[in-house]
Number of protein chains: 2
Amino acid sequence: MHANHPLTEDLGFLLSRASGVLARSASEALAPLGLRVRSYSVLDLVDEDGDGVTQRRLAATMGLDPSQIVALVDDLEKRDLVTRAPDPTDRRNKLIAITEAGHQVCRQARERVAAASDGHFEGVSPQDLDHLRYMLRRIAFPESDLDDREAVALGGHGN
Amino acid sequence: MHANHPLTEDLGFLLSRASGVLARSASEALAPLGLRVRSYSVLDLVDEDGDGVTQRRLAATMGLDPSQIVALVDDLEKRDLVTRAPDPTDRRNKLIAITEAGHQVCRQARERVAAASDGHFEGVSPQDLDHLRYMLRRIAFPESDLDDREAVALGGHGN
DNA sequence: ATCAACAATTGACATCATCAACTGTAGTTG
DNA sequence: CAACTACAGTTGATGATGTCAATTGTTGAT
């Protein structure tokens, strides 16, 4: 008899709650590597993108203010997990690229996070997880629901 | 062509991102009422629970440290949206109950939040939303997957 | 009467979010 | 070229949040 509260049916609340659960889990898994959830996100986004990524882009993808990226990259750079170099094409941009050490750490981090996350998805089927991913992507990245299909239709750019 | 980053397929990341999107939306919707997402959550949980709720319970439901509830209730109490009274049965507990004014504000808040949220779910069917709710509940409240089924088993009152 | 367990509270401290201001670079216009 | 605008990154201030240890008051049991 604790259900029935409108709040516990509210998607925003459930998202926040579920997100918190996963974040804690990931946080614990990453601690031994000296990473936090945020720095791991940066590392992961930079990984497998040999050309380097601008900080602006990182900020946009992570949904953060660009100013917050600075400290994250500072830390990763200080530990030689990423490099930060001005873009030759446009010296305003700084291209963040991963180092070999960073790549290794990133791999370990992925494994740890995945292992830690698995426990939370036990009751859910793989198809349901895919479905969940799909829906969350639509909510998290609304304007780019063009990812997998007709990327054309919208003349403008929504919002 | 920006997809394919493992991170953007990671459920933890997607949850955090989607949660952030909804939270901002709700935050803007609630600002005119002088509420934040957190205080709205408290208000909503207290509403429709005439008997009053202990702060411990609020903390557990919201996934917060009990110490954080104090300030939230302080604020709501100061504005006469809730009352805080010692439980006659066990004077350690304080029962938080809603006031008439609180009930009214809560209703407005719900409408505003719902209106603001709707925009984020446009592309998703009602059944998918139900499904989403269901899965999120499983992730957010793992031990209580009894919600929809044998909610009886525990003689007590959950938790 | 003493003790352990618990709810609420306080305070300290680190993290994070939000914004405004500043620097350096690029592109445009006169 | 000079002046202007626009942008990426950076810094700093300020408030909100998360986390934890310690305290107070209350309960229940010994």
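Please read all numbers here as calculations on a predicted model, not as lab measurements. Numbered from 1 within each chain, the chains take letters A, B, ... in sequence-line order. Because only heavy atoms are used, hydrogens play no part in the values below, and waters and symmetry mates are left out as well, while side chains stay in.
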Letter by letter from the 5' end, nucleotides 19-30 of chain D scores (B base, S sugar-phosphate only, - none; protein heavy atoms under 4.0 Å) BB----BBS---

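- Both A:Leu7 and B:Ile96 belong to a single network of hydrophobic side chains, linked directly or stepwise wherever heavy atoms of I, L, V, M, F, W or Y lie under 4.5 Å apart.
- By the criterion of side-chain heavy atoms lying less than 4.5 angstrom apart, applied directly or through intervening Ile, Leu, Val, Met, Phe, Trp or Tyr residues, B:Leu58 is not grouped with B:Val70; the two fall into different hydrophobic clusters.
- In this structure, A:Phe13 is a member of the same hydrophobic cluster as B:Val21, with clusters built from ILVMFWY side-chain heavy atoms closer than 4.5 Å.
- A donor-acceptor contact closer than 3.5 angstrom is absent between the side chains of A:Gln108 and A:Gln104.
- Counting any heavy atom pair closer than 4.0 Å across all strands shown, A:Ile69 reaches no nucleic acid atom.
- Side-chain N or O atoms of B:Ser39 include none that pairs as donor or acceptor with a backbone N or O of B:Leu35 at under 3.5 Å.
- Using a cut-off of 4.0 Å between Lys/Arg side-chain N and Asp/Glu carboxylate O, B:Asp87 and B:Arg92 are scored as not salt-bridged.
- Rounded to whole Å, atom C1' of D:dG9 lies 9 Å from atom CG of A:Asn93.
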Report the C-alpha distance between A:Arg137 and B:Glu9 in whole Å, list the side-chain angles of each, state the deciding distance to 0.1 Å, and finish with yes or no for salt bridge (Lys or Arg N to Asp or Glu O under 4.0 Å). CA-CA 8 Å; A:Arg137 235 185 297 126; B:Glu9 295 296 319; 3.6 Å; yes

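- Along DNA chain C, the nucleotide closest to B:Lys94 and the one closest to A:Leu72 are compared, and the more 5′ of them pairs with B:Lys94.
- Contacts between residues 26-40 of chain B and DNA chain D, defined by a heavy-atom separation below 4.0 Å, involve B:Arg36, B:Arg38, listed by number.
- Here the side chain of A:Thr99 pairs a donor or acceptor atom with the backbone of A:Asp80 at under 3.5 angstrom.
- D:dG9 atom P lies 13 Å from atom CG of A:Asp74, rounded to whole Å.
- Under the 4.5 Å side-chain heavy-atom criterion for ILVMFWY residues, a single connected hydrophobic cluster contains both B:Phe121 and A:Phe141.
- A donor-acceptor contact shorter than 3.5 Å is absent between the side chain of B:Arg133 and the backbone of A:Thr8.
- Note on A:Leu45: it clusters hydrophobically with A:Tyr40, by side-chain heavy-atom contacts below 4.5 Å among ILVMFWY residues.
- Following rounding to the nearest Å, A:Asp75 (CG) and D:dT10 (P) show an atom-to-atom distance of 14 Å.
- Reading DNA chain C from its 5' end, the first and the last nucleotide to sit under 4.0 Å from a heavy atom of chain B are C:dA5 to C:dT18.
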